[in-house]
Chemist: 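Before I ask anything, let me first share the structure, which is written out below as structure tokens.
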Amino acid sequence: MELAKAYEPKVAEESHYKRWEECGFFKPELNQDPGAETYSIVIPPPNVTGSLHMGHALQHTIMDVLIRWKRMQGYKTLWLPGTDHAGISVQRKVVEQLRKEENKTPLDIGRDEFVARCWTWKEQYGNTITEQMRREGASVDWSRHRFTMDESLSLAVRNVFCTLYDEGWIYRGLRIVNWCPKDRTVLSDLEVKEETRKDGKLTYLKYPIEGTDRTLTVATTRPETMLGDTAVAVSPSDERYKDLIGKTIALPLTDRKIPIVADEYVDAEFGTGAVKVTPAHDPNDYQIGERHNLEKLLIMNDDGTMNAAAGAEFEGLDRFAAREKVVAMFGDLGLLEKVEDYEISLPVCERCKTIVEPILSEQWFVKMDEMRDLALDLMRTEGVPHFSPQVPHEKVYTLWLENLKDWTISRQLWWGHQIPAWYDDEGNVYVAPTEAAAREKAGGKELKQDQDVLDTWFSSGLWAFSTFGWTGGAGVPADLATYLPTDVLVTGRDIIFLWVSRMIMLTGKFTGEKAFNDVVVTGTVLGKDGKPMSKSRNNGVDPIEMFDKFGVDATRIYLASIATGADIKWNDVGVETYRNFANKIWNATRFCLLNSEGASVDHSDLVERGEMGIADRWIISRLNQTALDVNKSLERYEFHTAVSLLYHFFWDDFCDWYIELKKDEINAGDIAATRRILTVLEIALRMLHPFMPYLTEELWHKLPGTSSAMNNSVYSEAEASIMLTKFPPGDLSAIDPQAEAEMGAVIEVIKRVRNIRTEMQISPSIKFEVHIGAQRSFQEVFRANEAQILKLARAEKIVIGDTLVAPKASAKAVTSEAQIAVPLEGLIDFDKERERLSTQIAKLGEERSRLDAQLSNANFVERAPAEKVEGLRDRSKELEGQIATLQMNLSALG
RNA sequence: GCCGUCUUAGCUCAGUGGUAGAGCACACGCUUCACACGCGUGGGGCCACAAGUUCAAAUCUUGUAGACGGCACCA
């Protein structure tokens, strides 16, 4: 069989995924072994509005590597896919669509119609990312795909809500919350980000004190909120203001009289020492208001404009326009003391960057106490979840839990899980999973359901168990019993609090199980400018473009190669490296197949190693060592180490040496040699498969003898595929230190001779003799590999003996096991050779003096481990010998 | 403000208490019959800085500087 000259990724990518999926290879049920252990992962559900970005590509690659590796090891593996309903994002898209296409608002069409439009939108656009995941090669079980608003997941949400309410962990209350005036909904603390603004202003307002001609100056960054002031507070210990406590302010621009109160919260040292108090628009002011029984005057509408309570002159004005107007009017009244530039950090909506308004509002909250303790106990007693990398995530996670505040879970949206709470005319609340149940509780009264929906993260928090069929009813669903706890969660840093922690808590609370044992936290893939990829920076790299340019496999293995847990800058050249690697594998296979007639893969061929040549024993040793190390790396989630091992085994050991050493035999049609190289290649492809699924599947089917024998009893009934072969576990008994040492000696000789050729500027077309002096045991090794040395060193004759016998006009070199001479009568440049030897001597001498300095240190010899000292002594002695030889060679040149 | 991470070859990054690594880039040479997405050879680093622990520190400790991230924020 002949392969194309270069690997063309598209061909392989288009043909295999469909078959894998259709044959049910991704389903755990494929594994018929009743004793098989399970291995499960739930995907962090991407947003239905989303499309694949580099973070997904990285995380999906890691999950797929793990799943494919475990599947090949014979585990019953499940990788469960799904998407979340992304409340605000979808709502915003549909609102926008409605406005553009019909010039209507959600209110125009009503809630039911609006929700129906959302579903339509989801059906139409919501599978972008699932299609992209197929391109990635993600081996997820599509038959178990879940959406957070599926019937059964929604039921789970309602039941969880009701249980938490009944147990007192959910409550409804009037609090200062984060309000996004653009989305017109409340946000949780985690959805608010701080943004530093250098152009902030601190405005000093003079408030007239009743019954005097004095004023009291307060400073504020939000002057418009003065319209909602209901007090001014000063520190009780502040001598300056002691006499003012209890007096009254005539609040400008309003007709209100507000008291001056004393409160410990106020820092006399800061600002003017007097604080305007707006209890309905600031969390700290709210606390002061509570302590002093102040009125909580709400002066804004939910869209950030001022309401009637702000006064007729301000009603309807946007908060920022109102701000300017307040400042101007204070100026006109002569009550504006000054305006200072002030660097300020502002809370902004994570999604739309609108400045968040703290506002008094009645919302639903989850008290986290019980669940927080549950999560902390799990970490303290079992160390679960085990974060990888452990530092710093474990600490940050624990610290966050310890300071956890109540979670605002209601959202003023229509798209999502409507809160299962109903109200009667008197405003009594009835919480139940269904309206019928609520009505029963209410004694049959007419009820109206709460208009808000739940935070999307509330339903994602149930993901680890709601996806396995848990709804809150009696009994344990089979999937839940089988796959929970999941083995590992792979995710980014940004949602450890938002999602990971909540899933741990809710899973523990409702199932009594761990959600997962391990958490692999990936680093952030940064743009080429070293900053996080973002639309506004326009530094994003589209994974799909990379797939098109370099192939899916190259992109995947590159991503795996940078999966250290640290942030990393995206680098096209890195992907190119693995594109080249894919081509290298393709061509190595191509070579093996060129002469494969009559030979086929045969694993029994590697068992009896007694009669094999050094090169064979060496590559089998290297192969098994690599397998052992790759398995170990993957167990530790050290994906980059696994990639590096595979890369160097394949390119250096297999291609550069093994193929070259065996080339003549194979080209000569030696069936045994071909069978052996095919078998080694097949095993190497298996190890690569989790990283490069398409390429390896494509090539594996081209190897003779693979399709009929998958060599994995667990999947023996299934159609042939490399993804169902057995992942090489690595065989300790095949590790052959002697073969590695002997092969190493041969390789060293070849390298030294090649070095001589290059440095002496001898054309590759000129063949020369190579003389080798060595100990008896190594003489045999060199004789056994004479043909290989002849070929790879481009020599015409090899002379091997106890000592080196060579004419004066020779270039010389030494290795640990051999002395080498290359007679170059008429070709040698004596000056160059002297320089070459001198350089070599100096180099070795430097190392030796370093060693000797260490060895002459009595402290070192006494305290360092004996084998360390012995090792250095041996090396020093060896260097001494090599230097002496080179020195001799140098003086022989005259 | 508090907590944390990072600083290694021109670039992007591994690494680790005991002789500094990779890929790319660079230099020189190759129509060597799998591969120029290639082959061969080579040059290149006081491992941010300072002090300490140690027989031994790029690796551990502390501090300094720079980059970044998280958390909390006083009007």
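Below, read A as the first sequence line, B as the second, and so on, with proteins coming before strands; counting in each chain starts at 1. Values reported hereafter were calculated over all heavy atoms of this structure, with side chains retained and with hydrogens, waters and symmetry mates removed.
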Chemist: Reading RNA chain B from 5' onward, which residue's closest nucleotide shows up sooner: A/Asn755 or A/Asp267?
Modeler: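 So the residue in question is A/Asn755.
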
Chemist: Would you please enumerate the stems RNA chain B participates in, each stem being three or more consecutive Watson-Crick or G-U wobble pairs with both distances under 3.5 Å?
Modeler: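 Paired runs of 3+ in RNA chain B: B:1-7 with B:65-71, B:10-13 with B:21-24, B:26-30 with B:38-42, B:48-52 with B:60-64.
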
Chemist: Starting from C1' on B/A20, measure out to CD on A/Glu847 and report it in whole angstrom.
Modeler: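 Going from A/Glu847 (CD) to B/A20 (C1'), I get 12 Å.
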
Chemist: Output the rounded distance in Å from CG (A/Asn403) to P (B/G1).
Modeler: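 Going from A/Asn403 (CG) to B/G1 (P), I get 20 Å.
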
Chemist: Please encode protein proximity along nucleotides 32-37 of chain B as a string of B, S and -, counting only heavy-atom distances under 4.0 Å.
Modeler: B-BB-B

Chemist: Apply salt bridge (Lys or Arg N to Asp or Glu O under 4.0 Å) to residues A/Arg836 and A/Asp829 and explain how you reach the verdict.
Modeler: CA-CA 10 Å; A/Arg836 211 177 61 83; A/Asp829 176 333; over 6 Å; no

Chemist: For A/Lys338, which residues count as a side chain to side chain contact (heavy atoms under 4.5 Å, CB included) partner, sequence neighbours excluded?
Modeler: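 If we apply the side chain to side chain contact (heavy atoms under 4.5 Å, CB included) test to A/Lys338, skipping adjacent residues, the hits are A/Tyr204, A/Glu340.
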
Chemist: With rounding to whole Å, what would you report as the distance between B/G18 and B/C60 at their C1' atoms?
Modeler: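 So the two C1' atoms sit 14 Å from each other.
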
Chemist: Take atom P in B/U5 and the same atom in B/G38, then report the distance between them in whole Å.
Modeler: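 To the nearest whole Å, 39 Å.
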
Chemist: Please check if atom CD in A/Glu269 has more than 12 non-hydrogen atoms from other residues, nucleotides or ligands closer than 6.0 Å.
Modeler: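 No.
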
Chemist: Suppose the criterion is salt bridge (Lys or Arg N to Asp or Glu O under 4.0 Å): which pairs have a residue in residues 225-234 of chain A, not counting sequence neighbours?
Modeler: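 Of all non-adjacent pairs touching residues 225-234 of chain A, those that pass salt bridge (Lys or Arg N to Asp or Glu O under 4.0 Å) are A/Asp229-A/Lys276.
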
Chemist: List in numerical order all residues of residues 215-230 of chain A for which some heavy atom is under 4.0 Å away from an atom belonging to RNA chain B.
Modeler: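 Contacts with RNA chain B under 4.0 Å: A/Ala219, A/Thr220, A/Thr221.
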
Chemist: Is there a side-chain polar atom (N or O) of A/Lys395 under 4.0 Å from OP1 or OP2 of B/G4?
Modeler: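 Answer yes for this pair, as a side-chain N or O of A/Lys395 is under 4.0 Å from OP1 or OP2.
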
Chemist: Of all the heavy-atom pairs spanning A/Thr220 and A/Pro223, show the shortest one and how long it is.
Modeler: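 Minimum heavy-atom contact is CG2-CA, 3.6 Å.
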
Chemist: Could you tell me whether A/Arg757 contacts a base, only the sugar-phosphate backbone, or nothing, with contacts defined as non-hydrogen atoms closer than 4.0 Å?
Modeler: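 The residue A/Arg757 makes no contact with any strand.
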
Chemist: How many Å lie between CG on A/Leu646 and P on B/A22, as a whole number?
Modeler: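 Atom-to-atom, A/Leu646 to B/A22, this comes out as 18 Å.
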
Chemist: Starting at atom CZ of A/Arg836, determine the distance to atom C1' of B/G43, rounded to an integer number of angstrom.
Modeler: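 Computing the A/Arg836:CZ to B/G43:C1' distance gives 16 Å.
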
Chemist: Starting at CD of A/Glu862 and ending at P of B/G18, how long is that distance when rounded to a whole Å?
Modeler: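 Roughly 22 Å, once rounded to whole Å.
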
Chemist: Using the salt bridge (Lys or Arg N to Asp or Glu O under 4.0 Å) criterion, which residues pair with A/Arg372? Sequence neighbours excluded.
Modeler: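 So A/Arg372 forms no salt bridge (Lys or Arg N to Asp or Glu O under 4.0 Å) with any residue.
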
Chemist: Is there any salt bridge (Lys or Arg N to Asp or Glu O under 4.0 Å) pair reaching into residues 569-587 of chain A, and which pairs are they, with sequence neighbours excluded?
Modeler: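 Listed by first then second residue: A/Lys528-A/Asp572, A/Lys549-A/Asp572, A/Glu576-A/Arg579.
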
Chemist: Got a sec, which residues hit side chain to side chain contact (heavy atoms under 4.5 Å, CB included) with A/Asp653, two or more places apart in sequence or on another chain?
Modeler: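 Expected list: A/Trp618, A/Ile619, A/Arg622, A/Phe649.
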
Chemist: Students often get this wrong, so: under 4.0 angstrom with heavy atoms, is A/Val266 touching a base, only sugar-phosphate, or nothing?
Modeler: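 The residue A/Val266 makes base contact.
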
Chemist: Centroid separation under 6.0 Å, is that true for the rings of A/Tyr647 and A/Phe581?
Modeler: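 Centroid distance A/Phe581-A/Tyr647: below 6.0 Å, so yes.
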
Chemist: Could you tell me whether the side chains of A/Ser838 and A/Glu835 share a donor-acceptor contact shorter than 3.5 Å?
Modeler: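 No - no donor-acceptor pair under 3.5 Å links their side chains.
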
Chemist: Within the structure shown, what part of the strands sits under 4.0 Å from A/Lys843 by heavy-atom distance: base, sugar-phosphate, or nothing?
Modeler: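 A/Lys843: backbone/sugar contact only, no base atoms under 4.0 Å.
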
Chemist: When all nucleic acid strands are considered with a 4.0 Å heavy-atom cut-off, which category describes A/Lys528: base, sugar-phosphate, or nothing?
Modeler: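 Counting heavy atoms under 4.0 Å across all strands, no contact is made by A/Lys528.
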
Chemist: Measure the distance from CD1 on A/Ile288 to P on B/C74 and round it to the nearest whole Å.
Modeler: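 Distance, rounded to whole Å: 11 Å.
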
Chemist: Return a table of donor-acceptor pairs under 3.5 angstrom between the side chains of residues 5-12 of chain A and protein atoms on other chains or two or more places apart.
Modeler:
none

Chemist: In whole angstrom, give the distance that lies between atom CG of A/Asp652 and atom C1' of B/G21.
Modeler: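 For the pair A/Asp652 CG and B/G21 C1', the rounded distance is 13 Å.
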
Chemist: What's the gap between B/G40 and B/C35 when it is taken at their P atoms, as a whole Å value?
Modeler: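 About 14 Å, rounded to a whole number of Å.
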
Chemist: How would you list, by chain and number, every residue that makes a side chain to side chain contact (heavy atoms under 4.5 Å, CB included) with A/Ser856, sequence neighbours excluded?
Modeler: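 With neighbours one apart ignored, the set is empty.
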
Chemist: List, with names and distances, any nitrogen or oxygen atoms from the protein found under 3.5 Å away from nitrogen or oxygen atoms belonging to nucleotides 7-13 of chain B.
Modeler:
{"unit_1": "B/U12", "atom_1": "OP1", "unit_2": "A/Lys569", "atom_2": "NZ", "d": "3.0"}
{"unit_1": "B/C13", "atom_1": "OP1", "unit_2": "A/Lys569", "atom_2": "N", "d": "2.6"}

Chemist: On a whole-Å scale, what distance lies between the P atoms belonging to B/G66 and B/G29?
Modeler: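 Those two atoms are separated by 47 Å.
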
Chemist: Are A/Arg556 and A/Phe691 side-chain neighbours, meaning at least one heavy-atom pair lies under 4.5 Å?
Modeler: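 A/Arg556 does not reach A/Phe691 side chain to side chain.
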
Chemist: Using whole Å, what does the distance between atom C1' of nucleotide B/A72 and atom CD of A/Glu402 come to?
Modeler: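 Going from A/Glu402 (CD) to B/A72 (C1'), I get 15 Å.
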
Chemist: Between B/G43 and B/C6, how far apart are the P atoms? Round to whole Å, please.
Modeler: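 Per the computed distance, 32 Å lies between those P atoms.
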
Chemist: Tell me what A/Tyr342 touches on the nucleic acid: a base, only sugar-phosphate, or nothing, going by heavy atoms under 4.0 Å.
Modeler: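 Here A/Tyr342 touches the backbone only, sparing every base.
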
Chemist: If the C1' atom of B/G23 is compared with that of B/U32, how far apart are they to the nearest Å?
Modeler: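 The answer is 25 Å between these two C1' atoms.
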
Chemist: Excluding sequence neighbours, so at least two apart, what forms side chain to side chain contact (heavy atoms under 4.5 Å, CB included) with A/Lys531?
Modeler: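 So A/Lys531 forms a side chain to side chain contact (heavy atoms under 4.5 Å, CB included) with A/Asp529, A/Arg537, A/Asn539.
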
Chemist: Can you check whether A/His640 has a side-chain N or O nearer than 4.0 Å to OP1 or OP2 of B/G15?
Modeler: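 True: A/His640 side-chain N/O within range (under 4.0 Å) of B/G15 OP1/OP2.
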
Chemist: When the ring planes of A/Tyr558 and A/Tyr578 are compared, do they come out parallel, tilted or perpendicular, using 30° and 60° as the limits?
Modeler: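 Rings of A/Tyr558 and A/Tyr578: tilted, as their planes differ by 30° to 60°.
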
